[in-house]
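The block underneath contains the structure these notes are about, expressed in structure tokens.
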Amino acid sequence: MFGFVHLYNGQEAVSTGFIKLLKKEDYVVSTYRDHVHALSKGVPAREVMSELFGKATGCCRGQGGSMHMFSKEYNLLGGFAFIGEGIPVATGAAFSSKYRREVLKEPGADEVTLAFFGDGTCNNGQFYECLNMAALWKLPIVFVVENNLWAIGMSHLRATSDPQIWKKGPAFGMPGVHVDGMDVLKVREVAKEAIERARRGEGPTLVECETYRFRGHSLADPDELRDPAEKAHYAGRDPITAFKKYLFDNKLASEQELKAIDKKIDELLDDAIEFADESPLPPRSQLLENVFADPKGFGIGPDGKYRCEDPKFTQGTAHV
Ligand SMILES: Cc1ncc(C[n+]2csc(CCOP(=O)(O)OP(=O)(O)O)c2C)c(N)n1
Ligand SMILES: [Mg+2]
């Protein structure tokens with residue numbers, strides 16, 4: 001993948017450690033590094049790959065692209081390119097669960113919402129506004145900060161008054177936890193406690209996961225600003241390699257078993273790529289669907305033709 005695709009390599013333990021504990025009905029809100037969150041939540045690889053290819057078979061029918069994965073079926077509420085934008089959406093989802101449970105008396109409404117975002121985003125106002133509301137109303141939400149130490153080319157240490165993000169939780173009256181975000185079992189332990197707490201109705205938690213991105217900010221970034229020694233240090237802590245070692249050391253899996261899993265993954269990927277490659281592009285008539293409540297009257301209709309006969313819509317003036 002080339003261009004504005006923001007890879008997640010190095011951060012996998014965060015998505016896996018948290019999302020694999022969820023029920024299908026629980027909500028996940030992510031950023032532009034959303035491909036892995038989508039896969040962890042259960043969105044089929046074919047749909048994720050097709051969305052990356054901009055094809056009609058993608059989870060957003062090709063209209064979202066890499067930064068806007070969304071799935072109603074799996075309660076994945078995005079995929080947001082604007083940083084911080086997903087945090088209020090997640091807070092709203094958590095509010096709706098609480099409202100349905102406590103006001104509308106829907107017994108099954110015990111969903112938990114996870115909001116994933118980066119260290120740089122913690123300097124945005126929406127983060128603080130939402131911590132306040134979530135603590136005030138004891139919302140069933142976990143704020144998961146993926147602190148990879150960088151916001152594009154800005155070092156976290158140079159950009160924030162207090163780099164210990166977890167401390168901002170107690171300032172709003174909620175627990176704040178720091179965890180090694182490159183150790184999937186440690187992440188899972190912290191995640192379990194925070195998710196259960198939210199489900200019990202005891203309110204939100206802020207979790208800071210210390211991690212690192214192995215690639216540039218996006219694949220359009222030549223990644224020349226970070227110190228090679230820093231990159232090498234974190235490469236040595238690769239969460240996947242570390243977990244593999246844990247499995248061997250504790251005799252939980254054999255080399256052969258892991259090779260079989262690798263083979264399965266390769267097959268799954270090949271299938272997803274082939275599927276995406278062969279899928280059709282979205283038709284032109286889809287352009288304004290899901291953008292406005294009623295796309296009629298904008299002059300874009302069935303492919304290649306104007307749907308609306310009214311001259312005011314066909315003379316090049318937008319009447320919105
Ligand atoms: C509201 C807004 N302002 C600025 C940008 C440009 N921008 C894109 S990514 C980014 C840095 C985000 O860093 P961080 O939150 O640490 O996430 P990471 O990329 O490290 O996962 C910025 C400033 C944006 N996308 N949205
Ligand atoms: Mg960052």
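Not measured: the values here are computed from a predicted model. Order of appearance sets the numbers: ligands from 1, and atoms from 1 within every ligand.
Ligand 1 has at least one atom lying under 4.0 Å from a heavy atom of R33. Ligand 1 is never approached by F117 to a heavy-atom distance shorter than 4.0 Å. Contact between A81 and ligand 1 is present, with at least one heavy atom of the residue lying under 4.0 Å from the ligand.
For atom 8 (C) of ligand 1, the closest non-hydrogen atom of the protein is I152 CD1, 3.9 Å.
The closest side-chain donor-acceptor pair between S15 and S40 falls under 3.5 angstrom. A side-chain donor from one of E208 and N147 sits under 3.5 Å from a side-chain acceptor of the other. Between the side chains of E111 and N75, not a single donor N or O lies within less than 3.5 Å of an accepting N or O.
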task = Apply ring pair (Phe, Tyr, Trp, His ring centres under 6.0 Å) to F80 and H68, showing your working.
result = CA-CA 6 Å; F80 289 85; H68 309 102; 7.8 Å; no

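Residue-level proximity to ligand 1 for Y32 is carried by the side chain, the only part with a heavy atom below 4.0 angstrom. Only the side chain of N148 comes within contact range of ligand 1, with a heavy atom under 4.0 Å; no backbone atom does. Under 4.0 Å from ligand 1, the heavy atoms of H217 that appear belong solely to its side chain.
Residue W150 counts as close to the Mg ion (ligand 2), with an N, O or S atom under 2.8 Å.
Geometrically, K168 does not engage Y128 in a cation-pi contact, judged by NZ or CZ lying under 6.0 Å from the ring centre and within 45° of the ring axis.
For the side-chain hydrogen bond (donor to acceptor under 3.5 Å, both in side chains) test with D223, the passing option among H217, K231, R215 is K231; the others fail. The side-chain hydrogen bond (donor to acceptor under 3.5 Å, both in side chains) with D110 is formed by just one residue from the set R200, K23, K98, R100; it is K23.
If you put the vertex on the Mg ion (ligand 2), OD1 of N148 and OD1 of D119 sit 90° apart, to the nearest 10°.
Ligand 1 has an N or O atom lying under 3.5 Å from an N or O atom of W150, backbone or side chain. Checked by distance only, ligand 1 and I83 come closer than 3.5 Å through their nitrogen or oxygen atoms.
The same ILVMFWY cluster, assembled from side-chain heavy atoms under 4.5 Å apart, contains both I19 and I195.
Side-chain contact check for F53 versus S279: every heavy-atom pair is 4.5 Å or farther apart.
Applying the 4.0 Å criterion to heavy atoms of T121 picks out, from ligand 1, the atoms 15 (O). If you number the atoms of ligand 1 from 1 as listed, the ones under 4.0 Å from a heavy atom of G120 come out as 14 (P), 15 (O), 16 (O).
Atom 6 (C) of ligand 1 lies below 4.0 Å from none of the non-hydrogen atoms of the protein.
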